[in-house]
Amino acid sequence: MSGTSLKEPMDGGDAPRMAGPELSVVVPVHNESENVVPLILEVLAALDGQFDFELIYVDDCSDDATPDLLADALGRFPRLRVLRHRARTGQSAALATGIEAARGRTIATLDGDGQNDPADIAALVKQLQESPDPDRLLVAGHRARRRDTWVKRLSSRVANGVRRALLGDGTPDTGCGLKVFTRTAFLAMPRFDHMHRFLPALMLRAGGTVVSVPVNHRHRTKGRTKYGVFDRLWVGLFDLIGVMWLQRRRIVPTADEIAAKRD
C-alpha cells in the first residue's frame, strides 16, 4: 500500500490547512473483517445529508481480510479514506494517526466492532458545535445500558470506579469509543499508549470541560474482543499513575503583552 508516512504530526493544529469537511469520523480497527463493510454503511447512512464529512479507517496492521475489504471499499465509497500501520501499535496510536490525517475541524471517534451506534454521532457533534468554545469541550458517550457479558461489565465498572476516584474526572464511562472533540484539542494533548482511555481527564487537565451523553450500545455479533478482563484494571493502573503525574504538573502560564512606549 502506498501513501504518505504519518510518523510525525502533520501540523500543530493551528497551521493553515486546505479546505476540508466539517467532520472527520475516525475508526481504528484490528482484525475486524466481519464488521468493516456493515459499519461503513451504517456511518454513511447516519450522517449523509446532515454534515459534510469524511470517514477515516485506520487499520492497525490487521492480519485477516480487513486490509483487502478496506481496499475494495475505497472504490465504492468516495467519503472513505484508509490508513494502514506498518506494525501494530495499538488503539491510541491508531486514533492519533487518523486524527492527524483528518481534514475536519470536528472529530468523532467510533469503535470498529459495531457496538457503538453511528446514529448517535449527530447529537454529540451538534452539542460540541453549539458550544461557545468547542476547543475546550469533549462530548463523551455514556453506555447506560451495556450490552456485554457480566464479566466485562463488572471489570469495566471496577476500572471506571478506580479511575474516577484517583483522577476525579467525573466521567461515568470513559471507555466508550464514541467521543466528539476538536482536532485542535486532541493535538494539544500529551501522547502515550492507552491515552484513549483517559481523554476526559486530559481535557480537564487542559482547562476544558466534559459532558457525558447517553448513547445506545449493542451486542458484539461478529469478531472477537481485543481486550481481556484484566486489561481495564491492572494495565490501566500504570497509566493512571502517569496521568496523575501529568495532572499535578500542569502549567498554565498567563502573560500580558507590553505595548511600545510612545513619546
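All residue numbers in this chain count up from 1 along the given sequence. Heavy atoms only: backbone and side chains are in, while hydrogens, waters and symmetry mates are out.
- Here the shortest heavy-atom pairing between G104 and S24 reads N-OG, 2.9 Å.
- With rounding to the nearest 0.5 Å, the separation of CG in N31 from CG in D64 is 4.0 Å.
- In this structure, the side chains of P118 and L39 come closer than 4.5 Å at one or more pairs of heavy atoms.
- Between F198 and F192, the ring planes lie tilted relative to each other; the angle falls in the 30° to 60° range.
- Judged by distance alone, with hydrogens and angles left aside, the side-chain atoms of R143 form no donor-acceptor pair with the main-chain N or O of Q115 at under 3.5 Å.
- Geometrically, R79 engages F53 in a cation-pi contact defined by less than 6.0 Å to the ring centre and at most 45° from the axis.
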Test side chain to side chain contact (heavy atoms under 4.5 Å, CB included) applied to D60 and V29, step by step: CA-CA 6 Å; D60 191 30; V29 289; over 6 Å; no
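- Looking at R105, its side chain never comes within 3.5 Å of a backbone N or O of L23 through a donor-acceptor pair.
- Counting only N and O atoms by type, the side chains of D135 and T182 include a donor and acceptor under 3.5 Å apart.
- When atom types are taken as modelled, the side chain of K179 and the backbone of T174 share a donor-acceptor pair closer than 3.5 angstrom.
- Here the side chain of R88 pairs no donor or acceptor atom with the backbone of H30 at under 3.5 angstrom.
- L124 places a side-chain heavy atom less than 4.5 Å from the side chain of V215.
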Let's go through F77 and L44 carefully: what are the C-alpha distance in whole Å and the side-chain angles of both, what is the deciding distance for side chain to side chain contact (heavy atoms under 4.5 Å, CB included) to 0.1 Å, and is it a yes or a no? CA-CA 9 Å; F77 308 113; L44 296 178; 3.5 Å; yes
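- Going from atom CZ of R197 over to atom CG of D193 covers 8.5 Å, rounded to the nearest 0.5 Å.
- A side chain to side chain contact (heavy atoms under 4.5 Å, CB included) with V139 is found for one member of V125, V213, T209 and no other, namely V213.
- Remark: of the listed residues L69, V26, V25, I40, I40 is the sole one forming a side chain to side chain contact (heavy atoms under 4.5 Å, CB included) with Y57.
- Side-chain N or O atoms of T66 include one that pairs as donor or acceptor with a backbone N or O of S33 at under 3.5 Å.
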Apply side chain to side chain donor-acceptor pair (under 3.5 Å) to the pair H194 and S92, showing each step before the final yes or no. CA-CA 5 Å; H194 300 144; S92 288; over 6 Å; no
Go through Q127 and V211 one step at a time and tell me if the side chain to side chain contact (heavy atoms under 4.5 Å, CB included) criterion holds. CA-CA 9 Å; Q127 181 155 349; V211 174; 3.1 Å; yes
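- The salt bridge (Lys or Arg N to Asp or Glu O under 4.0 Å) test with R84 singles out one residue from D68, D63, D59, and that residue is D59.
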Under the criterion side chain to side chain contact (heavy atoms under 4.5 Å, CB included), I'd like the reasoning laid out for M189 against F181: C-alpha separation, chi angles, the key distance, then a yes or no. CA-CA 12 Å; M189 293 179 180; F181 44 83; over 6 Å; no
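- The closest donor-acceptor contact from the side chain of E54 to the backbone of R103 lies under 3.5 Å.
- Checked by atom type and distance alone, the side chain of T97 pairs as donor or acceptor with a backbone atom of A93 at under 3.5 Å.
- With hydrogens and angles disregarded, no donor-acceptor distance shorter than 3.5 Å links the side chain of D117 to the backbone of D120.
- Across P190 and M195, no two heavy atoms sit closer than the pair O-CE, 3.5 Å.
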